[in-house]
Amino acid sequence: MAYDYTPFPYVAPPGLTEPEARHPVVIVGAGPIGLAMAIDLAQHGVRSVVLDDNNVVSVGSRAICWAKRTLEIFDRLGVGDRMLAKGVTWKVGRLFHGDKPVYSFDLLPEEGHKYPAFINLQQYYVEQYLVERAQELPELIDLRFLNKVTGHTDKGDHVLIDVETPDGTYQLEADYYIAAEGAGSPTRKRMNLPFEGQTFEEHFLIVDVEMQKSPFESDSPERWFWFAPPFHHGQSALLHKQPDNIYRIDLQLGPDTDPKAEATEEKVIPRIKAIVGDTPFRLDWMSVYKFRCAKLDRFVHNRVLFVGDSAHVVSPFGARGGNGGIQDADNLGWKLAAVLSGDAPATLLDSYNEERSHGSAENILNSSRATNFMTPKSPIEALFRNAVLDLAETHPFARKLINSGRLSQPCSLHGKALQTGEHPMVGQSLIDAPVGDGWLVEQAQGAFTLLSLGADAAPDVEGIRPLHIAEPSPELSRRYGTGHYLIRPDGHICARFDSADREHITAALARAKGQAR
Amino acid sequence: MILQDNLGPNGDTIYNALMHAHEGLTEAESHALNARLVLMLINEVADPDRIAALLQEARRPASSV
Ligand SMILES: Cc1cc2nc3c(=O)[nH]c(=O)nc-3n(C[C@H](O)[C@H](O)[C@H](O)COP(=O)(O)OP(=O)(O)OC[C@H]3O[C@@H](n4cnc5c(N)ncnc54)[C@H](O)[C@@H]3O)c2cc1C
């Protein structure tokens, strides 16, 4: 059944009739990242206005793979369970070269985590659930659809914003302006900020079809990837399942195709039939893309902050676009809240730039490598690529070199300014484990938390929520051993101690809030 | 012969470095690079039995696609 794109209501904003008081935060763009940002801030008690030029969720499915870390962040934002319940959890990936299976892999090697490695869920559901969650917080989130931002001026101590609505234009003032307007970011363009990187010449056809009958051999949903598929000469293809019996098909078309001619039913339907045979299907959505990897040099420009695709774009192989953007919101939310409440200096926002610029560079590196592997640029690259695929059948080492996307993983913040100490877990995002009847991700995120494992409880430190677990589950013990872990509100470990010394903990907390000098 | 992965987390980085080494070369120059590289790697491996086994394995035609 096709998704029902019910428009969100437009309400004439108060600013049309009288000036509005200055807002702490205005977020431009109600895509997944802008919405996550607003909910995150609201959960830290910060009010925001969210402006979007549109009034429906993402048309067409676009992002479908949501990674474990994203689901854990969604859990904190109050939508994780809902996403998991609706999403398709897939486990087995199969890789083919021609019609021959090269190998298969299991994505869920380990028990004892609340969320699986990945779910598939159409971007329109993700946005719908985030909008519905935001609507549960009406005192804190002011969602304004059909409000298009046409200009902004950084006045030094605030930002002045020009907004266009169906009823005319108005202006808003904000302490902080968050650009979450997607890859085409008008704010970035207005500010003339270079957005440099690599554009790939290949075209990709992306199609969603609805089929009642599974194309996979078993009942469980899988991810199938082909190099040189028999039904699509010389290129690559990807097939995987989304909720509502919708299947995503990606076909690599090569550099010399005419995207307009390709995105037509006459061209697409025979291509789908070549894959699914006689199985009846309904064409749900199709689009032809060229991808690029690019990022801003800096994500923080005084009072203008960039998140999500407006800060960085990646090719979709590895599903690092939306997943990376959700980590931006996760990283920025508590920091901006601390700055606005006076609990941290404004320079704490520089650490958002440092940490997420690093994360997005890592995502770009991985996505570029996958795209390069899938689209050899020269005969010699093609030669090596084919040699890897040939060897992979009999030489397992070569399987590891096959790159159809390295699926999104959170980056480590080890060695970055806010972290204390050299322990290898410092900088990592927390690893989930069972705690009592629930999960660590439910108890250790959203506020500075001191996880103490074993006999010793930690001394009380102001601004830190203690989580003392005297008898850890076997998974918790295996993953953390003993000791005391200081966990940031975004779930990253920022310090670890063998013994809980109040002075050391206080110093690590101050450093994590950018207070230490 | 080592069939299992021996590169660990560095596989992608190393593969990428290999592609990078070929960037901007003509096909003839790439062939020459590959030849030099194979000879150098042979020198790194050194053991004639292992090299003989590798040569034999590499000569096996790939099952055609
Ligand atoms: C084919 C495809 C497949 C993908 N697959 C995946 C995947 O599997 N996993 C994954 O994680 N990512 C994937 N991505 C990437 C993912 O879709 C993006 O990273 C994600 O949408 C970025 O979210 P965003 O909120 O930053 O921007 P967007 O989703 O682009 O949202 C921006 C919003 O800002 C609004 N806006 C723009 N200009 C203005 C303005 N002037 N005033 C007001 N509002 C404005 C827009 O209307 C829009 O609602 C895929 C992308 C594509 C194209």
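Side chains are part of it too, since the values below use all heavy atoms of this structure and drop only hydrogens, waters and symmetry mates.
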Pick one of side chain, backbone, both or neither for [X], based on which atoms fall under 4.5 Å of a heavy atom in chain A.
X	result
B/Asp12	both
B/Leu18	side chain
B/Gln4	both

With a 4.5 Å cut-off on side-chain heavy atoms, are A/Leu95 and A/Ile402 touching? yes
For the pair A/His358 (side chain) and A/Ser412 (backbone), establish whether a donor and an acceptor sit closer than 3.5 Å, ignoring hydrogens and angles. yes
Given a strict heavy-atom distance threshold of 4.5 Å, which part of A/Ser368 is in contact with chain B: side chain, backbone, both, or neither? neither
Chain A contacts, top residue of B/Glu23, B/Met19, B/Met1, B/Glu27 (heavy-atom pairs, under 4.5 Å): B/Met19
Salt bridge or not between A/Glu110 and A/Arg478? Use side-chain N to carboxylate O under 4.0 Å. no
Answer with yes or no after comparing the ring centroid distance for A/Phe200 and A/Phe317 against a 6.0 Å cut-off, counting only values under it. no
From CZ (A/Arg320) to NE2 (A/His312), nearest 0.5 Å: 12.0 Å
Highest number of heavy-atom pairs under 4.5 Å with chain B: which of A/Lys400, A/Arg385, A/Lys377? A/Lys400
